[in-house]
Amino acid sequence: MNVTLRPARTADVVAIRGLIDMHTADRRMLAKAAVTLYEDVQEFIVAEVDGEVAGCGALHVMWRDLAEVRTLVVQDELQGRGIGSQILRLLLDRARGLGVQRVFCLTFEVEFFSGHGFEEIKGSPVEPDVYEHLLESYDEGVAEFLGLERVRPNYLGNHRMLMVLE
């Protein structure tokens, strides 16, 4: 199996959307509008297996020292072969390169992320002054990260996890 990791291109959005759609019915991932994926394509890494997009993940910077790993998914039949780990490592390297010190995720895959150094968030994830700034964000992922009540009706019940980068 030949795996190649690379930055996503606009031509990959259809495949990324397909990967996301595999898990929206079981509510493991939130559906994303195509326009959102095009707007955020520069945040994505894709994994190609034998020339076909087989996995993806994104890094979304939220604050000077804080970013989120988003939309990390691998085709079901290829899970357990290290592709997700490769994507995650590249996203964490990207975070380090940007000067980010903390990376979080919202996930059901607690064991996977724990195995890469993430820990479940206890209490408030940011200082009060940063919290006030983040409240201004329109991003639902930020609202979930902060545990805001307004996202509760759509909340998937996933876990908030955080990793401090070295």
Side-chain angles (χ1 to χ4, degrees), residues 1-8 12 15-32 36-37 40 43-50 52-63 65-98 100-126 131 134 139-149 151-166:
M1 180 174 67
N2 184 20
V3 179
T4 303
L5 299 177
R6 63 170 174 77
D12 298 320
I16 291 169
R17 176 80 182 267
L19 290 167
I20 295 167
D21 289 350
M22 288 186 329
H23 296 287
T24 56
D26 63 7
R27 297 190 43 84
R28 295 184 71 77
M29 296 188 92
L30 289 174
K32 292 190 183 251
T36 302
L37 294 172
D40 298 340
E43 298 180 354
F44 278 87
I45 296 292
V46 295
E48 288 183 335
V49 174
D50 301 326
E52 299 291 325
V53 174
C56 65
L59 182 74
H60 180 76
V61 175
M62 293 175 44
W63 200 249
D65 68 337
L66 182 66
E68 177 185 10
V69 168
R70 294 182 167 180
T71 322
L72 179 57
V73 61
V74 174
Q75 287 178 353
D76 288 343
E77 62 272 10
L78 295 174
Q79 290 183 8
R81 298 184 185 189
I83 297 169
S85 294
Q86 289 179 52
I87 294 169
L88 180 58
R89 281 193 295 273
L90 188 55
L91 293 172
L92 295 174
D93 286 346
R94 188 182 267 189
R96 286 181 189 95
L98 291 169
V100 171
Q101 298 163 343
R102 299 178 302 150
V103 177
F104 80 95
C105 64
L106 303 166
T107 186
F108 289 107
E109 303 299 332
V110 173
E111 187 175 316
F112 173 80
F113 282 98
S114 292
H116 289 87
F118 285 76
E119 296 180 1
E120 289 209 51
I121 295 172
K122 310 254 189 294
S124 179
V126 292
Y131 182 93
L134 291 177
D139 190 303
E140 291 300 308
V142 174
E144 284 190 54
F145 171 67
L146 296 175
L148 301 180
E149 287 298 318
V151 297
R152 293 292 176 215
N154 297 321
Y155 189 64
L156 297 176
N158 49 21
H159 298 263
R160 299 180 312 153
M161 300 186 76
L162 182 73
M163 177 182 196
V164 177
L165 300 176
E166 297 173 4

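Because only heavy atoms are used, hydrogens play no part in the values below, and waters and symmetry mates are left out as well, while side chains stay in.
The line from OG1 of Thr107 to CE of Met29 is 9.0 Å long, rounded to the nearest 0.5 Å. Taking CG from Leu19 and CG from Asp12, the interatomic distance works out to 10.0 Å, rounded to the nearest 0.5 Å. The distance from atom CD1 of Ile45 to atom OG1 of Thr71, rounded to the nearest 0.5 Å, is 12.5 Å. Residue Asp50 holds its CG atom at 9.0 Å from OG1 of Thr4, rounded to the nearest 0.5 Å. Between atom CG of residue Leu106 and atom CD of residue Glu68 there is a gap of 5.0 Å, rounded to the nearest 0.5 Å. Here the OG1 atom belonging to Thr36 is positioned 9.0 Å from the CZ atom belonging to Arg17, to the nearest 0.5 angstrom.
Residues Leu59 and Ala67 approach most closely at CD1-CB, 3.7 Å, considering heavy atoms. Scanning both residues, Gly57 and Leu91, for their nearest heavy atoms gives C-CD1, 3.7 Å. Scanning both residues, Gln75 and Met22, for their nearest heavy atoms gives CA-CE, 3.8 Å. Closest approach of Ala95 and Val103 over heavy atoms only: CB-CG2, 3.9 Å. The two residues Val46 and Pro7 have their closest heavy-atom pair at CG2-O, 4.5 Å.
For the pair Leu37/Ile20, a side-chain contact is recorded, criterion being any heavy-atom separation below 4.5 Å from C-beta on. When side chains are defined from C-beta on, Arg94 does not count as touching Val100, because their heavy atoms never get closer than 4.5 Å. Contact check for Ile87 versus Cys56: no side-chain heavy atoms found under the 4.5 Å cut-off. Residues Val3 and Arg81 fail the side-chain proximity criterion, which asks for heavy atoms closer than 4.5 Å. Two residues are said to be in side-chain contact when any heavy atoms from C-beta on lie closer than 4.5 Å; Val53 and Arg6 meet this criterion.
Qualifying side chain to side chain contact (heavy atoms under 4.5 Å, CB included) partners for Glu43, counting only residues two or more places apart in sequence or in other chains: Asp40, Ala58, His60. Residues satisfying the salt bridge (Lys or Arg N to Asp or Glu O under 4.0 Å) criterion with Arg89, sequence neighbours excluded, are absent altogether.
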Determine all donor-acceptor pairs shorter than 3.5 Å in which one atom belongs to a side chain in residues 111-120; sequence neighbours excluded.
| from | atom 1 | to | atom 2 | distance (Å) |
| --- | --- | --- | --- | --- |
| Ser114 | OG | Val110 | O | 2.9 |
| His116 | ND1 | Phe112 | O | 2.8 |
| His116 | NE2 | Ser85 | OG | 3.0 |
| Glu120 | OE1 | His159 | ND1 | 2.9 |
| Glu120 | OE2 | His159 | ND1 | 3.4 |

| said: Under the criterion side-chain contact (heavy atoms from CB on, under 4.5 Å), I'd like the reasoning laid out for Arg102 against Val164: C-alpha separation, chi angles, the key distance, then a yes or no. | reply: CA-CA 5 Å; Arg102 299 178 302 150; Val164 177; 4.3 Å; yes
| request: Determine, stepwise, if the pair Met1 / Leu78 fulfils side-chain contact (heavy atoms from CB on, under 4.5 Å). | output: CA-CA 10 Å; Met1 180 174 67; Leu78 295 174; 4.0 Å; yes
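Residue-environment remark: CD (Glu52) stays at or below the threshold of 12 foreign heavy atoms within 6.0 Å.
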